[in-house]
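The figures that follow rest on heavy atoms only: side chains count, while hydrogens, waters and symmetry mates do not. Letters A, B, ... mirror the listed sequences (proteins, then strands); counts begin at 1.
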Amino acid sequence: MVRTRFAPSPTGYLHIGGVRTALFNWLFAKRHGGQFVLRIDDTDQQRNVDEALAPILHGFRWLGMDWDEGPEVGGPFEPYYQSQRLERYQTAAKKLLADGFAYYDYATPEELDAERKAAEAAKRPFQYSRAYMAETEAERAKWEAEGRSFVVRLKMPREGVCAFNDSVRGDVEFQWSKENDHVIQRADGTCLYHLASVVDDHDLEITHVIRAEEHLSNTPRQIFIGQSLGYELPQYAHLPYVAEPGSKNKLSKRKLEKYLKNADFKRLNEHGQAIAEQIKLQTSAETFNPVIVDFYELTGYLPEAILNYLVLLGWSLDDKTEDLTIDEMIANFSLERVTKAPASFDCKKLWSFQDRYMQKLPLKQKTAKCLSFLQAAELVADPAPCEAGPKLTRIIEACGDRLKVLGDIIAYADYFFVADDQMKYDEKAFAKRLSDPQPQALLAKFRQTLAALETWDVATLDKAMHDFVAAEGIKIGEIIHAVRIGTTGQGVGPGLFDCLDILGKESCLARIDRTLALAAERNAT
RNA sequence: GGCCCCAUCGUCUAGUGGCCUAGGACUCCGGCCUUUCACGCCGGCAACACGGGUUCGAACCCCGUUGGGGUCACCA
């Protein structure tokens, strides 16, 4: 039975790189009919774990990555919080101590620091001298008489090699002599990550530890802990990390300012910020930016698109396949096809996946999802009046592939829902197309044509416009932009006849009248 | 700096000794279409880091160089 895990630390947000790691774990478990467990690595923080965890669990749910065991769902190995498993680690530490694989260390941080500095000055790698190591009661008593407190350190081997097989890197070797005696238990009795992690992986019967490459150099000490405790070791797989846009540095949550200098990243971010503003979302750069998964949910990306983009970051099916359904990912995922080199986060490519998935989304679903954005923007009441649905469907059809994310509906649809006398104008477009008397006169004249129409549909409007153009001997561009701005306030948008049709005759005429009046007013000043 | 990992178009990648004149995708650049925008269509630019081997033959194997990155906590 394959069991994998993802072990987030409750930080308050779900990092996109973390999702990629989690996704690979999840896919691997699913592929082998195994289980995926979520374990919370909260050995360090005590307060507000629930609060800091909520966005992470929410992110997993949104992405559709369900966990078989873990917070909220429970499981046979409860609890799934490291903060609640302290006794297990202490027991393990005790055993390590009893078997001579760990020792009490009475060195003060200052003494340790001095050793470290001396090593540095002598240009040799630091290795603790074990000067304050105590392995017998007598030694302990001696140090304690001096009033010293202790931590528990691993007594790492100082010769030989640590060799292990990694599912993505192949055979890896480390010299034991280069390893340090890592602390596994603090003076206050609490235990550290490496001990906790190894004990938990064993207790939770994790078979495959699939994690980011940054843990590769931690592996020897974890192997030492595991072996010393008599555990059967899991199979390791170290994934290349996700790198910054346009560089090979590890993508981090703390370097937002730097990423914003990347034009693509900046554009993606600004687009999201604009939507957030429209739905009156209070955002902070810390938790709302393209490195954090919430960003994509809040602005209306589709989870399948995100997942599809991420799965291809360090993995591929073959030389051609780009679009994969979740089922196809599960059916085909393998660690053997994971790349070794880090992959940069490419905003443009993510965007193109989103675009394609958006166009594939059935109209009915798109309508339902867009509706909640319009409601958040307070353009449509909640619950929605019954005429809103069909109208929105028509708008979305008219928008076609202009909608790249669900949140785009706001910018494309606001003028369809706003009262005629509340419609806002894009001033640049107004100035360009309606500041001269000529287009104003044409618009006024075309208004009469529209007023005279008895039927009001796309075909009729289209014909009316073309007849008008022919009769006036003008080019269509000379009138159509003025009509668009006159009725929608915008210089760009869906096909004009669709817009007019959706708006209806009464609104169109009222809006054109208002526009004409405004233009006249501006002529005068 | 020590240790470890990595190295194909700008980016994500295919490629496991001959099928490679190196394939696909995104981006970019032309052109077409077009009432705006967005699509769509057609075409194009663009890579095996370098140097040695091994071999009849190397993007693929070996060694070295260079470059990039990760990691060196009483963080996770």
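Residue contacts shown for A:Pro494 include a base, since a base heavy atom lies under 4.0 Å away. Note on A:Gly314: only backbone sugar-phosphate atoms sit closer than 4.0 angstrom, heavy atoms only; bases stay farther off. Nucleic acid contact for A:Arg337: sugar-phosphate only, since backbone atoms but no base atoms lie under 4.0 Å from a heavy atom of the residue. Nucleic acid contact for A:Lys475: none, since no nucleic acid atom lies under 4.0 Å from a heavy atom of the residue. In this structure, A:Tyr193 reaches the bases: a heavy-atom distance under 4.0 Å links it to at least one base atom across the strands shown. At a threshold of 4.0 angstrom between heavy atoms, the contacts of A:Val151 include nucleobase atoms, whether or not backbone atoms are also involved. Counting non-hydrogen atoms under 4.0 angstrom, A:Pro245 reaches nothing in the nucleic acid. Counting non-hydrogen atoms under 4.0 angstrom, A:Leu192 reaches the backbone sugars and phosphates but no base. Using a 4.0 Å heavy-atom cutoff across all strands shown, A:Asp264 reaches no nucleic acid atom at all. Within the 4.0 angstrom heavy-atom criterion, no nucleotide atom of any strand lies near A:His238. Among the atoms of the strands shown, base atoms are found under 4.0 Å from some heavy atom of A:Glu322. Within the nucleic acid shown, A:Thr339 comes within 4.0 Å of sugar-phosphate atoms alone, with no base atom in reach, counting heavy atoms only. Heavy atoms of A:Arg169 sit under 4.0 angstrom from primed sugar atoms or phosphate atoms, though from no base atom. Using a 4.0 Å heavy-atom criterion, one finds that A:Asp401 contacts the bases of the nucleic acid, with or without backbone contacts as well.
The base of B:A25 sits within donor-acceptor range of the side chain of A:Lys349, with an N or O pair under 3.5 Å. Scanning atom types as modelled, one donor and one acceptor separated by under 3.5 angstrom connect the side chain of A:Asn218 and the base of B:A76.
Checked against B:A14, B:C12, B:A7, the side chain of A:Ala341 finds its nearest nucleotide in B:A7. Considering only side-chain atoms of A:Asn249, the nucleotide from B:A14, B:G70, B:U35 that sits closest is B:G70. Closest contact between the side chain of A:Pro109 and the listed nucleotides B:A14, B:C74, B:C37 involves B:C74. Side-chain atoms of A:Val172 lie closest to B:C5 of the nucleotides B:C6, B:C5, B:U71. Distances from the side chain of A:Ser344 to the nucleotides B:C74, B:U11, B:C26 place B:U11 closest. Taking every side-chain heavy atom of A:Leu313 into account, B:C12 is the closest of B:C5, B:C39, B:C12. Distance from the side chain of A:Asp346 is smallest to B:G10 among B:C74, B:A76, B:G10. Comparing B:U13, B:A38, B:U35 against the side chain of A:Ser316 picks out B:U13 as the nearest.
For the P atom pair drawn from B:A47 and B:G24, the interatomic distance equals 14 Å after rounding to whole Å. Comparing the P positions of B:U66 and B:U27 gives a spacing of 38 Å, expressed to the nearest Å. On the P atoms, B:U16 is 14 Å away from B:U21, given to the nearest whole Å. Rounded to whole Å, the P atom of B:G2 lies 27 Å from the corresponding atom of B:C61. B:C75 sits 34 Å from B:U13 when the C1' atoms are compared, rounded to a whole Å. To the nearest whole angstrom, the two P atoms, one in B:G31 and one in B:U11, are 27 Å apart. The C1' atoms of B:G40 and B:U34 are separated by 11 Å, rounded to the nearest whole Å. When the P atom is used for both B:C29 and B:G70, the distance is 32 Å, rounded to whole Å.
Base pairing of B:C37: no nucleotide in any strand meets the Watson-Crick or G-U wobble criterion (both distances under 3.5 Å). Figure legend. B:C3 is base-paired to B:G70; pairs are counted as Watson-Crick or G-U wobble with both atom distances under 3.5 Å. Across all strands shown, B:G43 forms a Watson-Crick or G-U wobble pair with B:C29, both key distances being under 3.5 Å. For B:C50, the paired base is B:G64 (Watson-Crick or G-U wobble, both distances below 3.5 Å).
The side chain to side chain donor-acceptor pair (under 3.5 Å) test applied to A:Asn332 returns no partner, not counting sequence neighbours.
Side-chain atoms of A:Arg169 come within 3.5 Å of backbone N or O of A:His238 as a donor-acceptor pair. A side-chain donor-acceptor contact under 3.5 Å links A:Ser352 to the backbone of A:Lys349.
Taking the ring centroids of A:Phe6 and A:Phe60, they lie under the 6.0 Å cut-off. The distance between the ring centers of A:Trp315 and A:Phe333 falls below 6.0 angstrom. A ring-centre distance under 6.0 Å is found for A:Tyr132 and A:Trp143.
Judged by a 6.0 Å distance limit and a 45° cone about the ring axis, A:Arg140 is positioned over the six-membered ring of A:Tyr104.
A:Lys250 has a side-chain polar atom (N or O) that falls below the 4.0 Å cut-off from OP1 or OP2 of B:U71. The shortest distance between the side-chain N/O atoms of A:Lys404 and the OP1/OP2 oxygens of B:C39 is below 4.0 Å. Between A:Ser217 and the phosphate of B:C72, there is no side-chain N or O to OP1/OP2 separation shorter than 4.0 Å.
Across all non-hydrogen atoms, the minimal contact from A:Cys499 to A:Arg484 is SG-NH1, 4.3 Å.
Against RNA chain B, the stretch residues 112-130 of chain A makes heavy-atom approaches under 4.0 Å through A:Arg116.
Atoms CD (A:Gln82) and P (B:C75) sit 14 Å apart, rounded to a whole Å.
Inspection of the A:Gln127 and A:Asn180 side chains reveals no N or O donor paired with an N or O acceptor under 3.5 Å. A side-chain N or O of A:Ser316 and one of A:Arg337 form a donor-acceptor pair less than 3.5 Å apart.
B:A76 has no stacking from A:His194 on its base ring, since the centres under 5.5 angstrom apart and planes within 30 degrees of parallel are not both found.
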